[in-house]
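Here the structure is a predicted model, which is why all the values come from computation and not from measurement.
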Amino acid sequence: MLVYPSGLDLSTFALRLLRRELTARRRRIGTRWRRLTCGRQALMTLAHLRCGHTFAQLAAGFGVGLATAHRYVTEAVDVLAVLAPTLQQAMAVAARKAFVILDGTLLPIDRIAADRLFYSGKHRKHGMNVQVLTDPFGKLIWASPALAGAVHDIRAARSHGLLDALNTGGIRCWADKAYQGSGPAVRVPFRGRWNKLSAGKKAVNRAHAKIRALGEQAMATLKSWRLLRKLRCSTTRITDLVKAILTLELTASP
């Protein structure tokens, strides 16, 4: 396999954060020697998450075996996932905001037609459903565990306890029509055909859409990590991958 130098469009804050956490882990478990330093292991993991490089490509580029590359990346992802905010922590942050924006996204996966559990009729592809909460400016606050793509957005939000937390805390939330009936704290646009809505309802829906559009920035932020554009790993690993990326976005910025 040919190897060439490349670059990552990430801040050095991300590298230093992961290197520090890996160093602490190695001390904690008493590691004496590794093929790669903590810095190189961190760089390998960031290349995997940001660029979606396969383990075979990473192994060739960093001069280690395929199994070693897989083990190093998995370890680093687990270290980052533990640092992701819980729902309770996210609600504490959301309570300080004027309002929050809730939306769901589908992370495509490589499954076949027989895997109906993961097939999203809305998007017409297989994937995993992730609920995303952002602040009024579209900055990430929280991302949910990944569920099968066939799960509807409102059902996913309920299963995570997100809707109960928003309603109990009285946190104003803007969401799309998929969340109709979520509770008093969740504001959704008026339903019905556009040509049958009154002028007042049309104006409300336009304003509502402008607010929700800011939440799309968070989706773009997640998808900028190219691994999430087409996941080829076990579905049981996707939640940790999302949490790891959320940790980097929330804590590894200047």
Side-chain angles (χ1 to χ4, degrees), residues 1 3 5-93 107 109-110 128 130 132 140-147 160-161 221-222 224-254:
M1 185 177 292
V3 178
S6 183
L8 282 176
D9 55 339
L10 289 175
S11 167
T12 55
F13 283 86
L15 182 64
R16 290 202 294 268
L17 167 71
L18 184 50
R19 182 179 59 192
R20 182 174 67 247
E21 294 298 327
L22 288 172
T23 300
R25 171 177 166 77
R26 291 190 185 187
R27 288 174 180 170
R28 189 166 58 251
I29 65 177
T31 299
R32 293 185 179 181
W33 180 84
R34 291 281 187 96
R35 184 69 182 271
L36 296 181
T37 64
C38 291
R40 295 289 285 173
Q41 182 181 357
L43 184 61
M44 173 189 287
T45 303
L46 293 178
H48 177 65
L49 296 176
R50 190 67 173 182
C51 302
H53 293 325
T54 66
F55 293 118
Q57 292 170 323
L58 295 173
F62 285 84
V64 297
L66 181 61
T68 301
H70 184 279
R71 185 172 66 252
Y72 279 11
V73 170
T74 301
E75 178 187 40
V77 167
D78 291 342
V79 166
L80 289 173
V82 172
L83 302 177
T86 64
L87 179 58
Q88 291 71 26
Q89 292 171 332
M91 289 299 102
V93 174
L107 304 180
I109 59 175
D110 59 342
M128 300 294 287
V130 174
V132 177
L140 282 165
I141 295 177
W142 181 76
S144 74
L147 296 178
H160 299 311
T221 298
L222 282 178
S224 68
W225 297 81
R226 287 178 281 279
L227 181 69
L228 298 184
R229 297 179 186 177
K230 185 67 173 181
L231 289 155
R232 295 177 174 83
C233 61
S234 168
T235 55
T236 60
R237 293 291 304 162
I238 295 177
T239 292
D240 284 342
L241 290 172
V242 173
K243 286 184 176 181
I245 290 172
L246 179 63
T247 297
L248 291 171
E249 284 291 340
L250 294 180
T251 62
S253 57

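- Side-chain atoms of T239 come within 3.5 Å of backbone atoms of A146 as a donor-acceptor pair (strictly under, hydrogens ignored).
- L8 and C51 make their closest contact through CD2-SG, 3.3 Å (heavy atoms, listed as atom of the first residue, atom of the second, distance).
- Here the side chains of F62 and T68 are not in contact, with every heavy-atom distance at 4.5 Å or above.
- The shortest distance between side-chain heavy atoms of L222 and L107 does not fall below 4.5 Å.
- To the nearest 0.5 Å, atoms CD (Q41) and CZ (R71) are separated by 9.5 Å.
- Within the 4.5 Å cutoff, no side-chain heavy atoms of C38 are placed close to those of R20.
- Under the 4.5 Å side-chain criterion, counting only non-hydrogen atoms from C-beta, W225 is in contact with L10.
- With a 4.5 Å cut-off on side-chain heavy atoms, V64 and M44 count as touching.
- In this pair, H160 and W142 present their aromatic rings perpendicular. The plane angle is above 60°, beyond the 30 to 60° band.
- Residues T45 and V79 have side chains not in contact (no heavy-atom distance under 4.5 Å, counting atoms from C-beta outward).
- Of all heavy-atom pairs between T247 and A84, the closest is OG1-N, 3.1 Å.
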Salt bridge (charged side-chain N to carboxylate O under 4.0 Å, His left out) between R237 and D240, worked out:
CA-CA 6 Å; R237 293 291 304 162; D240 284 342; 3.4 Å; yes
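- When atom types are taken as modelled, the side chain of R25 and the backbone of A76 share no donor-acceptor pair closer than 3.5 angstrom.
- The CG atom of L49 sits 5.0 Å away from atom CD1 of I245, with the distance rounded to the nearest 0.5 Å.
- Summarising the geometry, atom CZ belonging to R26 is positioned 6.5 Å from atom CD belonging to E75; distances are rounded to the nearest 0.5 Å.
- For the pair H48 (side chain) and H53 (backbone), a donor-acceptor distance under 3.5 Å is present.
- The side-chain heavy atoms of L227 and C233, taken from C-beta on, include no pair separated by under 4.5 Å.
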